Number of protein chains: 4
Amino acid sequence: MARGINKVTLIGNLGSDPEVRQIPSGQTVANFTLATSDSYKDNSGTMQERTEWHRIVVWGRLAEICGQYLKKGRQVYLEGRIQTRSWDDQKTGEKKYATDIVCNEMQMLGGQGGSGGGSYGDAGQQQGSTPAQPQARPQQNDQAAPPATSQPPSGPMIENNDKDDLPF
Amino acid sequence: MARGINKVTLIGNLGSDPEVRQIPSGQTVANFTLATSDSYKDNSGTMQERTEWHRIVVWGRLAEICGQYLKKGRQVYLEGRIQTRSWDDQKTGEKKYATDIVCNEMQMLGGQGGSGGGSYGDAGQQQGSTPAQPQARPQQNDQAAPPATSQPPSGPMIENNDKDDLPF
Amino acid sequence: MARGINKVTLIGNLGSDPEVRQIPSGQTVANFTLATSDSYKDNSGTMQERTEWHRIVVWGRLAEICGQYLKKGRQVYLEGRIQTRSWDDQKTGEKKYATDIVCNEMQMLGGQGGSGGGSYGDAGQQQGSTPAQPQARPQQNDQAAPPATSQPPSGPMIENNDKDDLPF
Amino acid sequence: MARGINKVTLIGNLGSDPEVRQIPSGQTVANFTLATSDSYKDNSGTMQERTEWHRIVVWGRLAEICGQYLKKGRQVYLEGRIQTRSWDDQKTGEKKYATDIVCNEMQMLGGQGGSGGGSYGDAGQQQGSTPAQPQARPQQNDQAAPPATSQPPSGPMIENNDKDDLPF
DNA sequence: TTTT
DNA sequence: TTTT
């Protein structure tokens, strides 16, 4: 019996429209980035703003909802878990890492062209009863050569290549 | 005025003793890894366990407490925020990323050689009123030659070697 | 479409063994109390401890698990939502209120006669996709007269009578 | 050393303008109610909406900010802890209970006549380092005759009358 | 790349 | 009524 808690709560704004795809197995996956900002006083006492960018991954029905209702700039509340993937970079032969937030609950906030708010959660995708979730990441940057098909075709270790070797 | 929430809640076990250091400014920083496990049913319906490793960074008084009381294997509850750092790898010329959890509350759980439990939080390090936090270990790899040391080279079942240029 | 978040995270110790019952509909419900303690400095600067008692309600499969594994004194992690019930007190004719935590995730911590830890969540009982949960509360105090049957037989407004008209 | 976690996360709308007062000690306290709504499927499979009302208490600088910026209807994100007070009702001689959320972080969301959003937290009022917080409005009902005033007599869809001796 |  |  496993034990552990791995939960993330975010409120921020989408940095891009969600990219929604079907993976070969038929599962729907959505990817987008989310910016969370916070303020703090620096050593000289002046307020500073710090923005953190998160890579969001959403599966199943909730992915479809994100694709339908979320747009760049939209403010949302998200819950999920942290997941770090690693792969061997073909070019340099180095091991690379990327950390995603696998989202299992989403709620639209505020205005921003939104038709009001809405709350969505997944039934049965939380900790302790999660269907196997194939690893996925957006391919938007895998332009050039080896298009690596369209998806996470290699299980937990995702081979990533070319140009851009990580985040957004 | 910034707006946003970036919160993480973890319960897991330390993969290594905390490494506590003073940075030039005099600030204390502690680093350790934490494993969170959860169970899920795979597509064939059999239970699977999945372990996620998190890089934890703690500042100030709480870092000292972690250094004093936490040991490899200890079960803890942590709260913090996600923070992704990036740097240019001197060797390959590539941009690299690492995601840390900057912890601002810690609570010891269960036994494990512990003197019982205890709850510790930082006074004034939460969102919205955070003292400027110098980036921890951000440049350690920016030198040409692999400084190697200075980071968590250990932990159960985690092999660390020259190949790896990032996490644990 | 509803919008809102109502989440509670607790780590504490059971003040009593869980009381597990079946309600007429066949649903299983468990009730117990949980103490959460925290320290703070009072105005004179001395540390004080403050204990808060929570009334926990658990439904379905998770209720059965609580009944099986949890005992008075056990340390647990719980997640749930706040729910306040009200009813008219028969004796005084006044409106009464009681606030429960409806738990949808539980994790055993530490020792206390426990066989280690374990993590349990409900599949599909979280916000946004919750099966109708009949209101329930422990009857342990409804000794005397009108035994009020054995359970929440009156929908959302629970009639409560006699002697003790509220919490534990 | 105390151990325990008692945290609440809410997103909802204010049911009333905050009522801000100074208590004799000079501390500022703000009170308001917050509605959180969520949807669920009832036994017949139809979607139902459920609204939960929370009594919010805020102290110090954050109370002043709430008084300045929050208005009835405003959508906010709140964090805090659960606190149940009890007192002896003079009229009936019974023990009464009320559960509040003591808020230590607030963030305005969405529009609603708001000047945008903002994030506010208390520096040093979280678990583990909390200044002694006097109980707010604990005795207001302890007088023989219903003082009535002094408390949230309003809010959307909330009828408040002499019958009620507690919450909103 | 977002937002205030 | 719990726990340290």
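The model shown is predicted, which means the values in this text are computed figures rather than measured ones. The sequence lines fix the lettering, A, B, ..., with proteins before strands; numbering per chain opens at 1.
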In whole angstrom, what separates [X]'s [atom1] from [N]'s [atom2]?
X	N	atom1	atom2	result
Arg74(A)	dT3(E)	CZ	P	12 Å
Asp38(A)	dT2(E)	CG	P	18 Å
Leu14(C)	dT3(F)	CG	C1'	11 Å
His54(C)	dT2(F)	NE2	C1'	11 Å
Leu10(C)	dT1(F)	CG	P	21 Å
Tyr97(B)	dT1(E)	OH	P	12 Å
Lys72(A)	dT3(E)	NZ	P	8 Å
Gln48(C)	dT4(F)	CD	P	20 Å

In terms of side-chain heavy atoms of [X], which of [options] is nearest?
X	options	answer
Arg3(B)	dT1(E), dT2(E), dT4(E)	dT4(E)
Ala35(A)	dT2(F), dT2(E), dT1(E)	dT2(E)
Glu49(A)	dT1(E), dT3(E), dT3(F)	dT3(E)

Sidechain N-carboxylate O distance under 4.0 Å for Asp100(D), Arg85(D):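 Salt bridge flag = yes for Arg85(D) with Asp100(D).
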Report yes or no: is there a donor-acceptor pair, N or O only, under 3.5 Å between the side chain of Thr51(C) and the base of dT1(F)?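 Per atom types, no contact qualifies.
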Examine the base of dT1(F) for any acceptor or donor lying under 3.5 Å from a partner atom in the side chain of Thr33(C), and report the outcome as yes or no. yes
Hydrogens and angles aside, do His54(C) and Thr36(C) bring a side-chain donor and acceptor to less than 3.5 Å of each other? yes
Is the backbone of Ile82(D) close enough, under 3.5 Å, to the side chain of Asn6(D) for a donor and an acceptor to pair up by distance?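 A pair under 3.5 Å: yes.
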Any cation-pi pair here, Arg50(C) with Tyr40(C), using under 6.0 Å and within 45°?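 Yes; both conditions hold, so Arg50(C) lies above the ring face of Tyr40(C).
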Which class fits the ring pair Tyr77(B) and Tyr77(C): parallel under 30°, tilted 30 to 60°, perpendicular over 60°? tilted
Tell me whether Trp53(C) is stacked on the nucleobase of dT1(F), counting only the six-membered base ring and applying the 5.5 Å and 30° thresholds.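 A stacking contact exists, since Trp53(C) sits close and nearly parallel to the base ring of dT1(F).
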